[in-house]
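Only heavy atoms go into these numbers, but all of them, side chains included; no hydrogens, no water, no symmetry mates. A quick note: this is a predicted structure, and the numbers were derived from the prediction, not measured.
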Amino acid sequence: FPVAAPVSSHTEGSAINYGTGFVIGNAVAANVNFDVNDNPDYGDDIMIDNDTGISGYNGDIDLNGLSATVRSSLLGWDSVSSGTPAAVTHYEVSDEITPQMGFGFIHISQLAGVKSYEAYWFHQARFTQRTITAATKKKQIEWNHPKLNFTGEGVYLDSTGKAKFFDWMTFESEASAKAWLKTKAG
C-alpha cells in the first residue's frame, strides 16, 4: 500500500503541510537504505566517540504498474493537453527538480505465527525513474515492473533541533496500518 502526498509548505521547526495524498500503485517490493554517518573521534590512541546518526536515505519501490497521472505527480512531468475539444494529453519531461513528497508503505512481518503490520511514513523525499525497460514477448511472459527511485533528507518538525526522517508504527491489523498512512498522506 504505497502512498504519497506532495509537500505544499514547510517552515523549519513546524509540521509539514501536505497536499492531497494518493495511492502510488500495487507494490511488489520496497527497499530503503540509510546513509549512516561513520565519523569516529579519537583521543589517547583510542576511539572516544563515533557519530553514527542517519544523514539521509535512498531506495526504490517496484510496482505492478504505474499510471501516467501518478508518474507525472511523483516525477514532476508536465501534462500538456492539445488537439480537439476531447484534448489529448501527453507528458513533457524537463530538467526541473522533482517535487518533494511525503510517502509511506506497509511492511508485513510475521514472528512465531503472529502477523504484524509496520507502517512507515517518510517526511520528505524526491522520486526519480532512472530506467525505462521494454522487451518483446518471448516463449513465456517476463513480468516487467516499473521501478521508482527516491532520496530523502531529514526535516526539522519541531523545536528539538533534531532532524526527523520518518515515523513508523506497528499495528495488529492491515486496516489500522492503512488508516494511519491515509491520515499521514491526507
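- Between Thr128 atom OG1 and Leu75 atom CG the span is 7.5 Å, to the nearest 0.5 Å.
- Scanning all heavy atoms of the two residues, the minimum distance from Ala119 to Phe171 falls at CB-CE1, 3.8 Å.
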Exercise for review: Take Ile97 and Arg126, measure what side-chain contact (heavy atoms from CB on, under 4.5 Å) needs, and give me the verdict at the end.
Suggested key: CA-CA 9 Å; Ile97 190 168; Arg126 293 184 190 272; 3.7 Å; yes

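- The heavy-atom pair separating Ala5 from Ala185 by the smallest distance is CB-O, 3.4 Å.
- Listed by first and then second residue, the salt bridge (charged side-chain N to carboxylate O under 4.0 Å, His left out) pairs involving residues 20-41 amount to none (not counting sequence neighbours).
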Check your understanding: Going through the distances and angles, do Leu157 and His10 end up as a side-chain contact (heavy atoms from CB on, under 4.5 Å)?
Key -> CA-CA 9 Å; Leu157 301 174; His10 179 239; 3.9 Å; yes

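- Among all heavy-atom pairs drawn from Ala4 and Leu74, the shortest one is CB-CD2, 3.8 Å.
- Closest of all the heavy-atom pairs between Val32 and Phe122 is CG2-CZ, 3.9 Å.
- One hydrophobic cluster holds both Val36 and Tyr57 under the rule that ILVMFWY side chains link at heavy-atom gaps under 4.5 Å.
- Residues passing the ring pair (Phe, Tyr, Trp, His ring centres under 6.0 Å) test with Phe1, sequence neighbours excluded: none.
- For Thr160, the side chain to side chain donor-acceptor pair (under 3.5 Å) partners two or more places apart in sequence, or in a different chain, are Asp158.
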Which donor-acceptor pairs under 3.5 Å do the side chains of residues 100-112 make with protein atoms, sequence neighbours left out?
| residue | atom | partner | partner atom | Å |
| --- | --- | --- | --- | --- |
| His107 | ND1 | Glu118 | OE1 | 3.4 |

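- When the side chain to side chain donor-acceptor pair (under 3.5 Å) test is applied to Glu153, the partners found at least two apart in sequence or on another chain are Gln124.
- In this structure, OG1 on Thr151 lies 12.0 Å from CG on Asn33, to the nearest 0.5 angstrom.
- Of all non-hydrogen atoms in Ile48 and Gly43, the two that sit nearest each other are CG1-N, 3.4 Å.
- Under the 4.5 Å side-chain heavy-atom criterion for ILVMFWY residues, a single connected hydrophobic cluster contains both Met169 and Val3.
- The list of side chain to side chain donor-acceptor pair (under 3.5 Å) pairs with a residue in residues 177-186, not counting sequence neighbours, reads Asp167-Lys184.
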Let me have the donor-acceptor pairs involving side chains of residues 12-29, under 3.5 Å, with sequence neighbours excluded, atom names and distances please.
| residue | atom | partner | partner atom | Å |
| --- | --- | --- | --- | --- |
| Ser14 | OG | Thr11 | O | 2.6 |
| Asn17 | ND2 | Ser9 | OG | 2.9 |
| Tyr18 | OH | Trp121 | NE1 | 3.4 |
| Tyr18 | OH | His123 | O | 2.7 |

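- Closest approach of Pro2 and Leu63 over heavy atoms only: CG-CD2, 4.0 Å.
- Checked against side chain to side chain donor-acceptor pair (under 3.5 Å), Ser67 has no partners two or more places apart in sequence or in another chain.
- Sorted by first then second residue, the side chain to side chain donor-acceptor pair (under 3.5 Å) pairs that include residues 68-77, not counting sequence neighbours, are Arg71-Gln129.
- Cluster partners of Tyr156, using a side-chain heavy-atom cutoff of under 4.5 Å among ILVMFWY residues and allowing indirect links: none.
- In the hydrophobic clustering (ILVMFWY side chains linked at under 4.5 Å, chained through shared members), Met47 is joined by Tyr42.
- A distance-only check finds no donor-acceptor pair linking the side chain of Asn58 to the backbone of Phe150 [under 3.5 Å].
- A search for side chain to side chain donor-acceptor pair (under 3.5 Å) contacts involving Tyr117 returns nothing, not counting sequence neighbours.
- We find the CG-NE2 distance between Asp62 and His145 to be 7.5 Å, quoted to the nearest 0.5 Å.
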